[in-house]
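Data first, discussion second: the structure below is written as structure tokens.
Worth knowing before you read on, the calculation uses all heavy atoms, side chains too, and leaves out hydrogens, waters and symmetry mates. Since the model is a prediction, treat every value here as computed from it, not as a measurement. Just so it is clear: chains get the letters A, B, ... in the order the sequence lines come, proteins before strands, and each one is counted from 1.
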Number of protein chains: 2
Amino acid sequence: MGQHLVGNHIRKLRFNHDEMTQQQLADKAGVTRQTIVALEKGNYSPSLELAFRIARAFGLSLEEVFFYGEE
Amino acid sequence: MGQHLVGNHIRKLRFNHDEMTQQQLADKAGVTRQTIVALEKGNYSPSLELAFRIARAFGLSLEEVFFYGEE
DNA sequence: TTTATATGTAAAGTTAACTTGACATTATGT
DNA sequence: ACATAATGTCAAGTTAACTTTACATATAAA
């Protein structure tokens with residue numbers, strides 16, 4: 001796990017976008033729900049490829065979903 | 001390795017930015033030169049964290065360096 | 001009360017990102 | 001001719017992202 005400098009707004013965005021559930025987002029992004037849970041908890045940061053798919057699921061750019069360093 | 005949907009402009013950007021060498025970029029991004037070589041060759045796509053550090057090394061946003069799908 | 005949906009958590013396994021180390025090639029300069 | 005810097009490539013090892021499975025809790029609806 002270590003300390004992660006990458007954060008995200010996934011949880012917040014899920015509720016702003018049709019109240020998307022973890023499972024729905026996972027399906028759209030092509031990962032398991034556990035992965036979404038881990039990302040929301042900040043356990044680790046995603047691969048760049050997954051980051052793109054998640055941003056795409058929200059119709060947003062990478063940097064609207066993920067940030068480096070403190071918010 | 002697999003097929004990667006994520007591409008980058010690293011090699012091109014290196015030459016546009018002070019003709020930065022692979023080693024210099026690696027140092028700035030905090031990885032080994034082998035990692036830069038692999039990324040330029042498209043062997044794999046970086047972690048999101050590394051993607052941020054590389055973009056930062058160029059003073060660019062993530063999506064100015066990396067793209068999803070065909071260019 | 002029972003059923004279904006959404007979320008939380010945990011642990012073991014797989015895979016891909018990244019490291020380490022080593023050597024080859026090419027070009028530039030002395 | 002020799003040295004040095006930049007790049008290419010290969011192989012084995014480590015670690016973190018991601019999967020799979022499983023069970024627990026909470027809420028709301030029938």
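Comparing dT19(D), dT9(D), dT9(C) against the side chain of K41(A) picks out dT9(C) as the nearest. The R11(B) side chain lies nearest to dG8(D) when the options are dT19(C), dA17(D), dG8(D). Proximity note for V31(A) (side chain, C-beta onward) versus dT7(D), dT7(C), dC18(D): the nearest is dC18(D). Taking only side-chain atoms of Q22(B), from C-beta outward, the nucleotide of dT7(D), dT20(C), dC18(D) with the closest atom is dT7(D). Closest to the side chain of T21(B), out of dT7(D), dT9(C), dC18(D), is dT7(D).
Atom CG in N43(A) sits roughly 14 Å away from atom P in dT19(D) (whole-Å rounding). For the pair F15(A) CZ and dA6(C) P, the computed distance is 11 Å after rounding to whole Å. At whole-Å resolution of the value, CD1 in I10(A) and P in dC18(D) are 10 Å apart. The nearest whole Å value for the distance from the CD1 atom in I36(A) to the P atom in dT9(C) is 16 Å. Distance CG (L39(A)) to P (dT7(C)): 15 Å, rounded to an integer number of Å. Here dT7(C) presents its P atom at 12 Å from CG of D27(A), a figure rounded to the nearest Å. Between R14(A) atom CZ and dG8(C) atom C1' the separation is 12 Å, expressed in whole Å. Note: CD (E19(B)) to P (dA27(C)) measures 16 Å, nearest angstrom.
For dT19(C), one of the phosphate oxygens OP1 or OP2 lies less than 4.0 angstrom from a side-chain nitrogen or oxygen of T32(B). Under 4.0 angstrom from either OP1 or OP2 of dT19(C) there lies at least one side-chain N or O belonging to T35(B). Contact between the side-chain N/O atoms of R33(B) and the OP1/OP2 oxygens of dA5(D) is not found at any separation under 4.0 Å. Phosphate contact (OP1/OP2 of dC18(C), side-chain N/O of S47(B), threshold under 4.0 Å): present.
Of the possible donor and acceptor atoms, one in the side chain of N8(B) sits under 3.5 Å from a partner among the backbone N and O of L39(B). Looking at E63(A), its side chain does come within 3.5 Å of a backbone N or O of L62(B) through a donor-acceptor pair.
Hydrophobic clustering (ILVMFWY, side-chain heavy atoms < 4.5 Å, transitive): F58(B) and V37(B) are in distinct clusters.
Under the 4.5 Å side-chain criterion, counting only non-hydrogen atoms from C-beta, R14(A) is in contact with E40(A). By the 4.5 Å heavy-atom criterion applied to side chains, T35(A) and L50(A) are counted as neighbours.
Comparing S45(B) and Q34(B) by the nucleotide of DNA chain C whose heavy atom lies nearest to each, the residue mapping closer to the 5' end is S45(B). Of the two residues contacting DNA chain D, namely P46(A) and Q24(B), the nearest-nucleotide position lying further toward the 5' end is that of Q24(B).
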